[in-house]
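Counting convention: from 1, in listed order, for ligands and their atoms alike. Heavy atoms only: backbone and side chains are in, while hydrogens, waters and symmetry mates are out.
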Amino acid sequence: MLDIPGKACGPCAFCCKVLEIEEFDKKAGVWCGHCTQTSGCAVYATRPQVCRDYHCRWKEERTLGAQLRPDKVGTLLMDDPDSDEYHAVCDPEKPFSWRNSLVFKHLVSEAKAGRIVVAKAGLRAWRIFADGSWQEWA
Ligand code: SF4
Ligand code: SF4
């Protein structure tokens with residue numbers, strides 16, 4: 001992927017906490033054992049290929065502004081690799097981060113564009129609709 005100006009991960013390591021990484025049995029919502037709070041990935045030079053290849057939607061999408069970097073809003077935006085859904089993945093410790101006004105506005109716009117939009121935090125999930133309403137999914 002070509003680097004997009006202004007879209008470096010920088011101090012963000014949000015994906016290293018919220019995502020499940022099957023390749024090395026990392027559960028969703030817990031910090032990867034290699035992630036240091038002060039200087040990021042301790043094995044950066046030799047990090048697994050799955051980590052090298054991963055880019056959240058914020059990194060890939062020019063129209064998503066700097067304020068939406070995942071660590072700033074507590075929400076990682078991504079296309080679900082297993083479905084057509086568009087996901088807003090939050091830290092289980094702050095499960096309603098997707099209600100941040102900037103994030104929510106973006107999610108509603110994706111729903112208006114026809115996407116199935118789902119916010120997730122641990123085992124909880126909410127569907128967000130084009131009219132701005134939302135409901136928890138069982
Ligand atoms: S969540 Fe996105 S911006 Fe943050 S570290 Fe992961 S890929 Fe980079
Ligand atoms: S190995 Fe490094 S880049 Fe990969 S999840 Fe762990 S801390 Fe993040």
Spell out, as yes or no, whether a donor-acceptor pair under 3.5 Å connects the side chain of [X] to the backbone of [Y].
| X | Y | result |
| --- | --- | --- |
| Lys105 | Asn100 | no |
| Lys7 | Glu61 | yes |
| Arg47 | Tyr44 | yes |

With a 4.5 Å limit on heavy-atom distance, are the side chains of Leu76 and Leu19 in contact?
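A side-chain contact under 4.5 Å exists here.
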
Going by heavy atoms in the side chains, are Thr75 and Leu68 under 4.5 Å from each other?
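No. Closest side-chain heavy atoms not under 4.5 Å.
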
N, O or S atoms of the protein lying under 2.8 Å from atom 2 (Fe) of ligand 1:
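Atoms qualifying: Cys56 SG.
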
Students often mix this up, so state it plainly: with edges at 30° and 60°, are the rings of Trp126 and Phe96 parallel, tilted or perpendicular?
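Tilted, since the angle between the ring planes falls between 30° and 60°.
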
Hey, can you tell me if His34 and Phe24 have their rings parallel, tilted or perpendicular (30° and 60° cut-offs)?
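Geometry flag for Phe24 against His34: tilted rings.
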
Among protein heavy atoms, which sits nearest to [atom], and what does the distance come to when rounded to 0.1 Å?
| atom | value |
| --- | --- |
| atom 4 (Fe) of ligand 2 | Cys51 SG, 2.3 Å |
| atom 6 (Fe) of ligand 2 | Cys32 SG, 2.3 Å |
| atom 8 (Fe) of ligand 2 | Cys16 SG, 2.4 Å |

How does Val50 reach ligand 2, if at all, at less than 4.0 Å between non-hydrogen atoms: by side chain, backbone, both, or neither?
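The answer is neither.
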
Inspect the contact between Glu110 and Arg57 and indicate whether a charged nitrogen and a carboxylate oxygen are less than 4.0 angstrom apart.
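Glu110 and Arg57: salt-bridged.
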
With sequence neighbours excluded, tell me which residues meet side-chain contact (heavy atoms from CB on, under 4.5 Å) with Lys112.
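Listed in chain order: Val108, Ala130.
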
Which of the numbered atoms in ligand 2 are below 4.0 angstrom from a heavy atom of Cys35?
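This gives 7 (S) as the contact atoms.
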
With atoms numbered from 1 as shown, which atoms in ligand 2 lie under 4.0 angstrom from a non-hydrogen atom of Ile21?
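Within the 4.0 Å cut-off of Ile21, ligand 2 contributes 5 (S).
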
Pick whichever of Ala42, Cys41, Gly33 has a heavy atom sitting closest to atom 2 (Fe) of ligand 2.
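The option holding the nearest heavy atom is Cys41.
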
